[in-house]
Amino acid sequence: MPSTTTAPETDPSKTVVEEVTGWLRLYSDGTVERLTPPGAEPFTVIVPPYTEPRNGVTVHDVTTARGVDVRLYLPAEPPAAAPRPRRRRPLLLHLHGGGFCLSRPSWALYHNFYAPLAAKLDVAGIVSVFLPLAPEYRLPAAIDAGHAALLWLRDVACGDEGNLDPAVERLRDEADFSRVFLIGDSSGGNLVHLVAAHAAAKDDGAGADLHAVRLAGGVLLNPGFAREEKSRSELENPPSLFLTEEMVDKLLALGVPLGMNKDSPYTSPSLAAEAVARLHMPPMLLMVAEDLLHDPQVEYGEAMARVGKTVETVVSRGAVAHVFYLNFFAVESDPLTAERIRELIDTIKTFIDRY
C-alpha cells in the first residue's frame with residue numbers, strides 16, 4: 001500500500017488530487033501529506049509515555065503480538081503500605097477519531113481527556129489503539145485493528161501473550177475482562193459500533209472468538225455518522241476547529257472503501273443499524289452534541305431502537321462544538337463546557353457501573 005509521507009510541493013510529477021483544508025493533501029502518486037491547521041498546534045503535540053505518575057495516571061506504549069500498537073492509561077498503583085484492592089475492575093478500549101484519516105492516540109488532544117478519565121472512572125485502565133489511517137488504509141482496516149486489539153486482550157487474559165510488559169501484567173492482574181467497554185470519539189464512535197458488530201458476527205453465540213473477553217457495552221462520543229443528503233444540523237449548526245462541512249464530506253469519502261460513499265453501513269446511521277439487526281449487540285451509550293452532526297447522531301439512536309438494540313441517548317445541551325470534551329482550552333475558559341464535560345464523565349461512569 002502507498003506510504004504516508006510529506007510530499008514535496010516542488011516535485012512537478014506530483015499533483016494534489018484531494019485536499020482537506022488545513023489537514024490533509026492526497027497526491028497523484030498516492031502519498032499523503034498530513035497538516036496541522038492554525039490553532040490546532042497545541043492539540044497535535046505528541047505526549048510521550050511516562051511511568052512516574054502524573055495526576056494519578058501512568059502512560060505506556062505497547063507493541064502487541066497481534067500487529068497493533070496500543071497506549072495504556074493506568075491508574076497509579078497505591079502506595080506499598082496500602083492494601084491492594086482485590087476486586088477486578090472494568091476496562092475501556094478506546095478507538096480514536098479523525099474521520100478515519102487523521103490523528104494519533106499520543107496527541108495531547110486525547111491525552112488530556114483520557115488520562116484524567118482513567119483516574120476518574122473506577123476502571124483498571126484505558127487501552128487506546130493506534131489505528132491505521134485512510135486513505136492509505138481504508139475501512140475496514142481500522143475495524144480489523146480494533147478487533148485485533150480485542151484478540152490481544154484475550155491473549156493477555158488467557159496468559160497467551162508471552163513475556164509481558166510490567167504495565168500489561170498489571171492490566172492482566174487487575175482488569176475484569178468480562179467487562180470490556182468500547183469507547184470512541186467522532187469517527188471512533190462509528191468504530192465502536194463497527195467493531196462491536198464485527199465481534200458479534202464472528203461470535204458463534206458462545207463467545208468462541210473472544211473467549212475470556214466479553215464486550216459489556218459501547219460508548220459513542222459525538223459519533224461521525226452522516227448521509228449523502230445533508231441533515232438540517234449540517235446546514236444550520238456552526239462548524240468548529242475539529243469539524244467543518246468540508247471535513248465531513250471529504251474525510252468520510254476517503255475513509256470508506258473505494259466505490260462507496262456516506263450512504264454505507266460505515267457512516268449512514270440508518271444503514272449502520274440495519275446491518276446489525278440480527279446481531280447480538282452490547283448496550284450502547286450515545287453522547288450527542290449540538291454540533292454539525294447532531295441530527296445523524298440522534299438518528300442512529302432511533303434507528304438502533306427500531307431494530308431492538310439498547311441505546312441510551314444523552315444530549316449535551318449548549319455544547320455546539322464537535323468533541324467539545326477534547327478541547328482542553330475550552331474546559332479552562334468556558335464554564336458551560338466545563339460543566340457539560342463533568343456531566344459527560346458522570347454519565348459514562350453511571351453507564352459502566354450499570355453494566
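Residue numbers run from 1 in the order of the sequence given. Hydrogens, waters and symmetry mates are skipped; everything else that's a heavy atom, side chains included, is used.
Few gaps surround CG on D353; more than 12 heavy atoms of other groups in view lie less than 6.0 Å from it. Within a 6.0 Å sphere centred on CD of E41, heavy atoms belonging to other residues, nucleotides or ligands number more than 12.
The nearest pair of heavy atoms linking L336 to G318 is CD2-O, 3.7 Å. Between F100 and N190, the closest heavy-atom pair is CZ-CB, 4.1 Å. Looking at every heavy atom in both residues, A134 comes nearest to G255 through CB-CA, 3.7 Å. Scanning both residues, W152 and A65, for their nearest heavy atoms gives CD1-N, 4.4 Å. Of all the heavy atoms in S103 and H96, the pair that sits closest is OG-ND1, 3.2 Å. Heavy atoms only, all atoms of each residue included: K14 and S28 are closest at CA-OG, 3.7 Å.
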**Q.** Derivation and outcome, salt bridge (Lys or Arg N to Asp or Glu O under 4.0 Å), residues E18 and R25
**A.** CA-CA 6 Å; E18 187 61 278; R25 293 191 188 109; over 6 Å; no

Q | Derivation and outcome, side-chain contact (heavy atoms from CB on, under 4.5 Å), residues M260 and R138 | A | CA-CA 11 Å; M260 289 189 175; R138 289 173 176 258; over 6 Å; no

**Q.** Intermediate values then yes/no, side-chain contact (heavy atoms from CB on, under 4.5 Å), Y266 and L271
**A.** CA-CA 8 Å; Y266 299 105; L271 294 179; over 6 Å; no

Q | Pair R354-E312, salt bridge (Lys or Arg N to Asp or Glu O under 4.0 Å): steps then yes or no | A | CA-CA 12 Å; R354 185 182 309 138; E312 177 186 353; 3.0 Å; yes

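The ring-ring contact (aromatic ring centres under 6.0 Å, His included) contacts involving residues 212-256 comprise F43-F242, F225-Y300, where partners must be two or more places apart or lie in separate chains.
Side-chain polar atoms of E246 and T21 form a donor-acceptor pair below 3.5 angstrom.
One N or O on the side chain of N327 and one on the backbone of A330 form a donor-acceptor pair closer than 3.5 Å. Between the side chain of T64 and the backbone N or O of V68, at least one donor-acceptor pair lies under 3.5 Å. Side-chain atoms of S186 do not come within 3.5 Å of backbone N or O of G97 as any donor-acceptor pair. At least one donor-acceptor pair under 3.5 Å links the side chain of E234 to the backbone N or O of S231. No donor-acceptor pair under 3.5 Å is formed between the side chain of E290 and the backbone N or O of V320. Between the side chain of K309 and the backbone N or O of P283 there is no donor-acceptor pair closer than 3.5 Å. Judged by distance alone, with hydrogens and angles left aside, the side-chain atoms of R179 form no donor-acceptor pair with the main-chain N or O of R88 at under 3.5 Å. For S316 (side chain) and A289 (main-chain N/O), no donor-acceptor pair under 3.5 Å exists by modelled atom type. A donor-acceptor contact shorter than 3.5 Å is absent between the side chain of K120 and the backbone of I345.
None of V311, V314, L220 except one satisfies the side chain to side chain contact (heavy atoms under 4.5 Å, CB included) rule with L285; the exception is V314.
Shown here are the salt bridge (charged side-chain N to carboxylate O under 4.0 Å, His left out) partners of R104, two or more places apart in sequence or in another chain: there are none. Residues satisfying the side-chain hydrogen bond (donor to acceptor under 3.5 Å, both in side chains) test with D122, not counting sequence neighbours, are R87.
L194 and V307 are not part of a single hydrophobic cluster, where members link through side-chain heavy atoms under 4.5 Å apart. Two different hydrophobic clusters hold F130 and L153 under the rule that ILVMFWY side chains link at heavy-atom gaps under 4.5 Å. No continuous path of hydrophobic side-chain contacts links V45 to V59 [ILVMFWY only; heavy atoms under 4.5 Å]. Put simply, L35 and Y27 are part of two different groups of oily side chains (I, L, V, M, F, W, Y) that touch within less than 4.5 Å, one to the next. Under a hydrophobic-cluster definition in which Ile, Leu, Val, Met, Phe, Trp and Tyr are linked whenever side-chain heavy atoms come within less than 4.5 Å, directly or via other members, F328 and I46 are assigned to the same cluster.
Between H198 and H147, the two ring planes are perpendicular [angle over 60°; tilted spans 30° to 60°]. Classified by interplanar angle (parallel below 30°, tilted 30° to 60°, perpendicular above 60°), the ring pair Y114/Y110 is tilted. In this pair, Y73 and H111 present their aromatic rings tilted. The plane angle is within the 30 to 60° band.
Atom CZ of residue R170 and atom OG1 of residue T58 lie 5.5 Å apart, to the nearest 0.5 angstrom.
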